[in-house]
Chemist: 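This is the structure, below, for whatever I ask next.
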Amino acid sequence: YQVSISATGTSLLVRSTLVLLLILSCSHDSPQMQQSVTTPTAVMVQSSGCRQTVSDREARYTATPDCIYLSYDKHHVLRLAHVNAVMNCCISGNSVSAVVSEGMIRITEQEKFEGTQPCRCLCLYDLVYEVRQVPPGLYTIRIEETNLPSGEPMLEGTVDLTSPITDTICVQHSNYR
C-alpha cells in the first residue's frame, strides 16, 4: 500500500489513526488464513429397540458376540454399528457421546429413563451412531457399555484411520449385571 498524506495542518492524532488503519488492513488474520478448529461430535443415528431380553435369572448370558462394525470415510466420519449392546429393557431411549484424545476414541453409550424407571431386565439392542470430524490417525476405539460388570472384557480395538476403511471388533461376554 502506498498512501500520500499532506502533513500541512494535519494533527498528529489524525496521522496516527491513518497509520493504525493501514497496519490493521494488512493484518495476517484474514479469513482465508485462519484455520478452523473442529471438535469431534457423536450422533445417534438409529436404535433397534429391544430385540431380545435377558432377565436377572439369566445374568450369565453367552449368546452372540458383542460387536462393532465400523467404517471411516474421506469426510472424517466414523460410523459404528454396535450389535448386541446390552441395556435395560425399560429405557425410553439411548444416547452416545465420544471423546477423541491422544490416540483414543472413547465412546460412551447411555440409557435414558425419561418418564420411566429401570426394570429388572436387560435387552439386546443394535445401535448405529457416527462420530464426526475425527482427524486421521491410529486409534484405540473403546466402547463404554452401561451394563458391563468389572472383570468382563471391554469392547475395544485398534484401527488405522489414516484412509477410508471398514473393520469389525468383537468380544464375547459371559456376564452382565
Chemist: Show your reasoning for whether side chain to side chain contact (heavy atoms under 4.5 Å, CB included) applies to V128 and L80.
Modeler: CA-CA 6 Å; V128 178; L80 301 109; over 6 Å; no

Chemist: Just wondering, do I143 and I169 contact through their side chains at under 4.5 Å, heavy atoms?
Modeler: no

Chemist: Roughly how far apart are E152 CD and E145 CD, rounded to 0.5 Å?
Modeler: 10.0 Å

Chemist: Compare every heavy atom of C67 with every heavy atom of L155, then report the nearest pair and how far apart it is.
Modeler: CD2-C, 4.2 Å

Chemist: Linking I/L/V/M/F/W/Y whenever their side-chain heavy atoms sit closer than 4.5 Å, directly or via other members, would I165 and L78 fall into one cluster?
Modeler: yes

Chemist: Between H76 and P136, is any pair of side-chain heavy atoms under 4.5 Å apart?
Modeler: yes

Chemist: Given the rule in the disulfide bond (SG atoms under 2.5 Å apart) test, do C121 and C89 qualify, once you have shown the distances and angles that lead to the verdict?
Modeler: CA-CA 5 Å; C121 175; C89 295; 2.1 Å; yes

Chemist: Determine whether the interatomic SG-SG distance for C90 and C119 falls below 2.5 angstrom.
Modeler: yes

Chemist: Can you tell me how far the OH atom of Y129 sits from the CG atom of L70, to the nearest 0.5 Å?
Modeler: 10.0 Å

Chemist: Using every non-hydrogen atom in the two residues, find where V134 and Y72 come nearest and quote the distance to one decimal.
Modeler: O-OH, 2.6 Å

Chemist: Measuring from atom CG of L127 to atom CD of E109, what distance do you get when rounded to the nearest 0.5 angstrom?
Modeler: 5.0 Å

Chemist: How long is the gap from CE on M104 to CD1 on I141, to the nearest 0.5 Å?
Modeler: 10.0 Å

Chemist: Kindly determine whether V171 and M154 satisfy side chain to side chain contact (heavy atoms under 4.5 Å, CB included), including the steps that lead there.
Modeler: CA-CA 8 Å; V171 66; M154 302 270 310; over 6 Å; no

Chemist: What closest approach, in Å, do E111 and T146 show between heavy atoms, and which atom pair accounts for it?
Modeler: OE1-CG2, 3.2 Å

Chemist: Looking only at non-hydrogen atoms, find the nearest pair between D66 and N84 and report the distance.
Modeler: OD1-O, 3.5 Å

Chemist: If you apply the rule side chain to side chain contact (heavy atoms under 4.5 Å, CB included), what do you find for K112 with I91, and how did you get there?
Modeler: CA-CA 6 Å; K112 290 183 181 178; I91 61 174; 5.7 Å; no

Chemist: Would you list the pairs meeting salt bridge (Lys or Arg N to Asp or Glu O under 4.0 Å) in which at least one residue belongs to residues 93-107, sequence neighbours left out?
Modeler: R106-E144

Chemist: Is the shortest heavy-atom distance from the side chain of I105 to the side chain of L161 under 4.5 Å?
Modeler: yes

Chemist: Name all residues meeting the side chain to side chain contact (heavy atoms under 4.5 Å, CB included) criterion together with D73; count only those two or more places apart in sequence or in a different chain, and write none if there are none.
Modeler: H75, V77

Chemist: Under a 3.5 Å distance rule, please check whether D126 uses its side chain to pair with a backbone N or O of S48 as donor and acceptor.
Modeler: no

Chemist: Any idea which heavy atoms bring S95 and M44 closest together, and the distance?
Modeler: C-CE, 3.9 Å

Chemist: Is there a path of hydrophobic side-chain contacts, each under 4.5 Å between heavy atoms of I, L, V, M, F, W or Y residues, that connects L124 with V83?
Modeler: no

Chemist: Please name the pair of heavy atoms, one in T140 and one in T158, separated by the smallest distance, quoted to 0.1 Å.
Modeler: OG1-OG1, 3.5 Å

Chemist: Do F113 and M87 belong together in a cluster built from hydrophobic side chains that touch within less than 4.5 Å?
Modeler: yes

Chemist: Side chain to side chain contact (heavy atoms under 4.5 Å, CB included), that's the test. Do I107 and I68 meet it? Break it down for me.
Modeler: CA-CA 12 Å; I107 298 170; I68 54 170; over 6 Å; no

Chemist: Between Y69 (side chain) and R79 (backbone), is there a donor-acceptor pair under 3.5 Å?
Modeler: no

Chemist: Nearest 0.5 angstrom please: D167 CG to S71 OG, how far?
Modeler: 10.5 Å

Chemist: Scan side-chain atoms only and decide if S97 and Q110 contain a donor-acceptor pair under the 3.5 Å cut-off.
Modeler: yes

